[in-house]
Amino acid sequence: MRNAVRLSVLMHLPVRYVWTHDSIGLGEDGPTHQPVEHLASLRAIPGLNVVRPADANETAIAWREILRRWTKEFGKGAPHGLALTRQGVPTYEGNEDAVKGGYVLFEASGGSPEVILIATGSEVHVAVEVRERLQADGVPTWVVSMPSVEWFEERDQGYRDSVLPPPARHGWRSRRVSV
């Protein structure tokens with residue numbers, strides 16, 4: 001299907017693809033799940049907006065944004081690919097910032113973050129679990145949900161810096177953490 005996707009991008013067709021078997025657990029309930037390298041190959045297609053929501057709430061917000069963009073761009077828009085999972089993932093409180101492509105899902109407790117975990121799709125809940133372990137060990141940690149890198153890159157630098165603070169201004173230091 002990748003060739004058809006690439007052609008729709010080249011032709012600037014406002015096509016909306018919905019892939020429903022995204023999973024890091026290849027073969028979890030059969031051979032139909034697509035391994036994560038397919039996402040990398042899709043993200044490598046210039047002009048394709050790949051959206052990989054973390055849960056049902058992000059999916060609803062992302063789908064509404066995809067439809068809004070379709071209406072706004074009809075006839076000249078970029079294709080979108082919505083990569084969904086069939087895994088049983090937890091649902092988090094809906095955050096409208098998902099339309100910005102990336103946002104801080106959980107902030108650090110106990111000060112500025114020493115670690116920022118960036119996750120997408122069915123891996124967001126894994127990042128949340130890692131954050132809980134790091135926080136318990138006294139390591140202030142953010143979880144950033146990044147459903148669409150392309151949408152995030154459309155934002156102004158101020159917003160992007162609020163989600164992913166630049167190392168020089170934040171005073172990051174190197175620290176090895178085991179989880």
Side-chain angles (χ1 to χ4, degrees), residues 1-9 13-71 77-107 113 115-135 141-155 160 163-164 179:
M1 180 175 192
R2 211 164 314 148
N3 292 332
V5 173
R6 290 174 62 193
L7 280 173
S8 67
V9 171
L13 299 177
V15 179
R16 304 317 178 224
Y17 299 99
V18 179
W19 296 295
T20 60
H21 286 65
D22 176 32
S23 175
I24 60 167
L26 179 62
E28 184 174 81
D29 67 356
T32 59
H33 280 142
Q34 299 301 311
V36 294
E37 63 264 19
H38 285 290
L39 282 171
S41 68
L42 290 170
R43 287 185 173 132
I45 299 173
L48 176 65
N49 292 303
V50 177
V51 184
R52 190 172 181 241
D55 62 12
N57 288 329
E58 265 191 23
T59 299
I61 292 165
W63 184 245
R64 187 180 66 229
E65 177 64 9
I66 289 169
L67 293 177
R68 185 194 69 76
R69 287 170 178 252
W70 181 76
T71 304
H80 283 76
L82 185 63
L84 304 175
T85 185
R86 292 177 50 191
Q87 290 177 278
V89 294
T91 304
Y92 303 104
E93 185 176 326
N95 190 322
E96 290 298 321
D97 283 344
V99 301
K100 296 177 180 177
Y103 65 98
V104 179
L105 178 63
F106 287 102
E107 293 189 358
V115 175
I116 297 177
L117 302 170
I118 306 168
T120 178
S122 59
E123 287 80 59
V124 170
H125 78 280
V126 175
V128 171
E129 291 171 11
V130 170
R131 176 196 175 269
E132 290 169 4
R133 292 176 67 180
L134 289 169
Q135 286 285 156
T141 305
W142 275 2
V143 172
V144 171
S145 179
M146 185 78 65
S148 177
V149 174
E150 295 82 13
W151 292 356
F152 185 69
E153 289 175 348
E154 292 173 356
R155 301 296 156 206
R160 292 188 314 225
V163 175
L164 301 174
V179 289

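Residue Leu117 holds its CG atom at 12.0 Å from OG of Ser145, rounded to the nearest 0.5 Å. Note that CD of Glu123 is 8.0 Å distant from OG1 of Thr85, once rounded to the nearest 0.5 Å. With values rounded to the nearest 0.5 angstrom, Leu42 atom CG is found 11.0 Å from Arg6 atom CZ.
When all heavy atoms of Ala62 and Val51 are compared, the pair lying nearest together is CB-CG1, 3.6 Å. Looking at every heavy atom in both residues, Ala98 comes nearest to Trp151 through O-CE3, 3.9 Å. Nearest approach of Pro53 to Glu58, heavy atoms of both residues: CA-OE1, 3.4 Å. When every heavy atom of Asn57 is checked against every heavy atom of Gly94, the shortest pair comes out as ND2-N, 3.6 Å. In terms of heavy atoms, Asn49 sits closest to Ala78 at ND2-CB, 3.6 Å. Contact detail for Val143 and Ala127: the closest heavy-atom pair is CG2-O, 3.7 Å.
Partners of Tyr17 by ring pair (Phe, Tyr, Trp, His ring centres under 6.0 Å), not counting sequence neighbours, listed by chain and number: Trp19. Take Val144 and apply the side chain to side chain contact (heavy atoms under 4.5 Å, CB included) test, not counting sequence neighbours, and it matches Val104, Ile116, Ile118, Met146, Val163, Leu164. When the salt bridge (Lys or Arg N to Asp or Glu O under 4.0 Å) test is applied to Glu154, the partners found at least two apart in sequence or on another chain are Arg69.
Checked by atom type and distance alone, the side chain of Arg160 never pairs as donor or acceptor with a backbone atom of Phe152 at under 3.5 Å. In this structure, the side chain of Thr120 engages the main chain of Arg52 through a donor-acceptor pair within 3.5 Å. Distance alone, capped at 3.5 Å, is enough to place a donor-acceptor pair between the Glu150 side chain and the Val50 backbone.
Considering only heavy atoms from C-beta on, Glu65 stays 4.5 Å or farther from His80 through its side chain. Within the 4.5 Å cutoff, the side chain of Arg16 has no heavy atoms near those of the Leu82 side chain. Asn95 places none of its side-chain heavy atoms less than 4.5 Å from the side chain of Leu105. Using a 4.5 Å cut-off on side-chain heavy atoms (C-beta onward), Val89 and Val124 make no contact. Put simply, the side chain of Asp55 does not reach to within 4.5 Å of the side chain of His125, judged on heavy atoms.
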